[in-house]
Amino acid sequence: AFIDGQLRLMRPASITTWDALLDCQFVQPINQLFAMGCTRVTLGFDDYKLVPHAKAPTQRLRTKKIATVPWDAQAALPSVIPDNYESILFNRCFKAKVCQFVVSNIADRVQLGGGRKLVIDWNNLPLEFTSENDEPQARTGFRRTGECDTKWTQYLASKEDMAVLSVDGD
């Protein structure tokens with residue numbers, strides 16, 4: 001299975017803490033896919049260093065009516081999700097901080113074991129987490145791409161069914 005993590009960064013207004021965002025938007029869907037019989041779930045995010053320049057016009061149209069809120073790349077995430085989260089999320093520095101929070105905390109919260117694997121595809125080589133290894137293992141043989149919604153094709157194995165959770169306008 002493949003989950004487009006960029007889309008999961010959006011949240012219902014009822015989610016006000018980082019732990020609730022992590023659990024509701026990431027841990028629960030991953031554990032549900034494991035419960036359905038998936039043995040490997042890949043969580044992907046955009047790699048901004050590799051996002052094609054052609055995407056810029058689409059992004060400008062999408063954000064035309066929304067002022068991008070400044071965010072210092074060195075600043076830590078606030079202790080709670082800000083009220084203007086959706087607006088700040090248009091700032092790539094802030095979004096990268098949220099992605100880093102998810103990536104840093106997700107493996108300890110999902111139900112690994114029984115041959116289940118969690119792959120995180122964000123910035124650099126994909127990392128595979130299992131209950132058998134204390135440290136994540138780099139997965140090789142993948143072409144690095146920027147757009148998360150195009151990464152899933154690399155994880156589709158021959159003669160294998162695959163669930164892809166990724167729907168957006170571009």
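Not measured: the values here are computed from a predicted model.
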Checking N133 now: which residues fulfil side-chain hydrogen bond (donor to acceptor under 3.5 Å, both in side chains) with it, not counting sequence neighbours?
T130
Who pairs with R8 by salt bridge (Lys or Arg N to Asp or Glu O under 4.0 Å), at least two apart in sequence or on another chain?
none
Using every non-hydrogen atom in the two residues, find where G5 and L43 come nearest and quote the distance to one decimal.
CA-CD1, 3.8 Å
From F129 atom CZ to I120 atom CD1, the distance as rounded to the nearest 0.5 Å:
5.5 Å
Taking atom NZ of K117 as the centre, report whether more than 12 heavy atoms of other residues, nucleotides or ligands fall under 6.0 Å from it.
no
Taking every heavy atom of P126 against every heavy atom of V119, the minimum-distance pair comes out as CB-CG1, 3.8 Å
Restricting to pairs with a member in residues 124-136, which pass salt bridge (charged side-chain N to carboxylate O under 4.0 Å, His left out), not counting sequence neighbours?
E128-R139
For the atom pair CD (Q111) and CZ (R116), what is the distance rounded to the nearest 0.5 Å?
6.0 Å
Listed partners of S104 passing side-chain hydrogen bond (donor to acceptor under 3.5 Å, both in side chains), at least two apart
Q100
Look at the aromatic rings of W18 and Y85 and report parallel, tilted or perpendicular, splitting at 30° and 60°.
perpendicular
How long is the straight-line distance from CD1 of I81 back to OG1 of T16, given to the nearest 0.5 Å?
6.5 Å
Just checking D83: does its CG atom have more than 12 heavy atoms from other residues, nucleotides or ligands closer to it than 6.0 angstrom?
no
Do L33 and I3 have side-chain heavy atoms sitting under 4.5 Å apart?
yes
Note: R11 and P82 closest approach over all heavy atoms is NH2-O, 3.8 Å
Atom pair CG/SG of L9 and C99 - distance to nearest 0.5 Å:
4.5 Å
Tell me whether L125 is reachable from V41 by hopping between hydrophobic residues (I, L, V, M, F, W, Y) whose side-chain heavy atoms are closer than 4.5 Å.
no
Output, in order, the C-alpha distance, side-chain angles, deciding distance and verdict of side chain to side chain contact (heavy atoms under 4.5 Å, CB included) for F34 and L112.
CA-CA 9 Å; F34 284 146; L112 296 175; 4.1 Å; yes
With a 4.5 Å cut-off on side-chain heavy-atom distances among I, L, V, M, F, W and Y, is there a chain of contacts connecting V69 to M10?
yes
Kindly give the heavy-atom pair with the smallest separation between C24 and P29, and that separation in Å.
O-CD, 3.4 Å
I106 CD1 to L118 CG distance, which is reported to the nearest 0.5 Å:
6.5 Å
Within residues 18-31 or reaching into it, pairs that qualify as salt bridge (charged side-chain N to carboxylate O under 4.0 Å, His left out) - sequence neighbours excluded
D19-R109, D23-R109
Can you list every pair that meets side-chain hydrogen bond (donor to acceptor under 3.5 Å, both in side chains) and has a residue in residues 26-44, with sequence neighbours left out?
none
Between V103 and L127, is there a side-chain heavy-atom distance shorter than 4.5 Å?
no
Inter-residue atom distance L89.CG - W71.CH2, 0.5 Å rounding:
11.5 Å
Is there a path of hydrophobic side-chain contacts, each under 4.5 Å between heavy atoms of I, L, V, M, F, W or Y residues, that connects L77 with V102?
yes
Any side-chain to backbone donor/acceptor pair from W122 onto D46? Under 3.5 Å, distance only.
yes
Ignoring hydrogens and geometry, is there a side-chain-to-backbone donor-acceptor pair from K151 to F45 under 3.5 Å?
yes
Under 3.5 Å donor-acceptor, N91 side chain and F94 backbone:
yes
